[in-house]
Q: 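Supplied in structure tokens, the structure appears directly below.
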Number of protein chains: 2
Amino acid sequence: MLALDAKTHSGGTADRIVEVAQRLLQTRGYNGFSYADIALELGLTKASLHHHFCTKAHLGDSVVRRHLEYAQTVLRGIDAEGLDAFESLRRYAQVYEDVLLGDRMCLCGILAAEFDTVPALIQESISEFFRFNAQWLAQTIARGRAAGSVRGSGSDEELAQLLLSTLEGALLICWPGRDRARLSGTVRLLLESLRA
Amino acid sequence: MLALDAKTHSGGTADRIVEVAQRLLQTRGYNGFSYADIALELGLTKASLHHHFCTKAHLGDSVVRRHLEYAQTVLRGIDAEGLDAFESLRRYAQVYEDVLLGDRMCLCGILAAEFDTVPALIQESISEFFRFNAQWLAQTIARGRAAGSVRGSGSDEELAQLLLSTLEGALLICWPGRDRARLSGTVRLLLESLRA
DNA sequence: GTCTATAGGCAGATAGAC
DNA sequence: GTCTATCTGCCTATAGAC
């Protein structure tokens, strides 16, 4: 754990830069923030940032890759809890509510909207994020159907796409007004429709 | 009709500017395009654009307001066809598929993602767009339930939010890869779940 | 209505001192 | 690793001729 921490936080400044960049990405999008914003917030200069991340594209890529790994850890963590599949789906949906609670939009959701203007380097990681989420959902749905706790028509993959779409879309629509109640209501109804 | 056209197209150049701006907004977002892009495409100069739209915020506002009116016309047009409510919902969903077919993302979806960085002038129209869509969906759902062609739990308004969220989210996820087949599959499954 | 020219600012990025 | 200073380029926007 200490060794892992030492590795993860090898350069304290680089990590702080990534964290601020991630928050700005999730609230303002890739084209909505600059090195100046990060420098101001961390009390550094733009030149210092370039020492850690040579280009904005590389910084963005670091943020998205780190987030992808984090998401994978979270989903494997849900699996490790040994919950019923339906409860796993509930946990998954709760993550979207937590994102809005933290005053953020989904990182890859906002980047998907801006996709055409995002550096090619980052585009692949965005697609991979959705692919991984859909795959985990399909597996969890399959498990729930086998156990009789999850229902719904269509293949596991199709139902996973439906679930993912609804959560991403609900977060997107509730994001402008930070409408946690509306998001919560939509999540509740969605889960209800999946409960066997 | 001629009079309406004459009014709508009062200044031919202004309309062409709005149309190009709309396409750029729907593909690149508000922070992803500039007056230079439009000027280049129309063979004008940036200064000429400022003659028609004094600021970028006003141009964006014109695009969104016009689109809101267009959406209202489309939905009232669906109502005027006298279809069964479920068929109206199918038409509605088809609009999202048509948007991707036209190589575009939902205008207000992309602007919702960028919400915090969009001029305040435009923010209100974005919220109004979703409000209007949700209202139309709730009314159509109510009509379908009364006629026995639409099913689903939750209030009309909650189900409308669920439908809107799923369509917006499906378009968002399919946008990066222009994945029309995936969008089509999600739409089909969604409609299936609503058919009484 | 369209142009040339330009202002004024901020973007991403680099050089080189410390 | 951080700084100052600077470069180049694009951005939105304006002035004023035609």
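Numbers restart at 1 for each chain; the letters A, B, ... are given by sequence-line order, proteins then strands.
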Q: Taking only residues two or more places apart in sequence or in another chain, which ones pass side chain to side chain contact (heavy atoms under 4.5 Å, CB included) with B:D179?
A: B:C174, B:A181, B:R182
Q: Check this one for me: any side-chain N or O of B:S48 less than 4.0 Å away from OP1 or OP2 of C:dG1?
A: no
Q: In whole angstrom, what separates B:L42's CG from C:dT2's C1'?
A: 13 Å
Q: Specify the separation, in whole Å, of atom NE2 of A:H51 and atom P of D:dG1.
A: 5 Å
Q: Apply side chain to side chain contact (heavy atoms under 4.5 Å, CB included) to A:S193 and list each qualifying residue two or more places apart in sequence or on a separate chain.
A: A:L190
Q: Which nucleotides of nucleotides 12-18 of chain D have their base under 4.0 Å from a protein heavy atom (B), which only their sugar-phosphate (S), and which neither (-), written as one string 5' to 3'?
A: BBBB---
Q: Identify, with sequence neighbours excluded, every residue that meets side chain to side chain contact (heavy atoms under 4.5 Å, CB included) alongside A:R65.
A: A:D61, A:S125
Q: Can you list the steps and then say if B:T27 with B:W175 is a side-chain contact (heavy atoms from CB on, under 4.5 Å)?
A: CA-CA 9 Å; B:T27 49; B:W175 166 241; 4.0 Å; yes
Q: Can you tell me how far C1' of C:dG12 sits from NE2 of A:H52, to the nearest Å?
A: 17 Å
Q: Roughly how many Å is it from CG in A:L49 to P in D:dT4, rounded to a whole number?
A: 13 Å
Q: For A:Y96, which residues count as a ring pair (Phe, Tyr, Trp, His ring centres under 6.0 Å) partner, sequence neighbours excluded?
A: A:Y92
Q: With sequence neighbours left out, write down each residue that passes salt bridge (charged side-chain N to carboxylate O under 4.0 Å, His left out) with B:R76, or none if nothing qualifies.
A: none
Q: Taking atom P of C:dG12 as reference, at what distance in whole Å does atom CG of A:L59 sit?
A: 10 Å
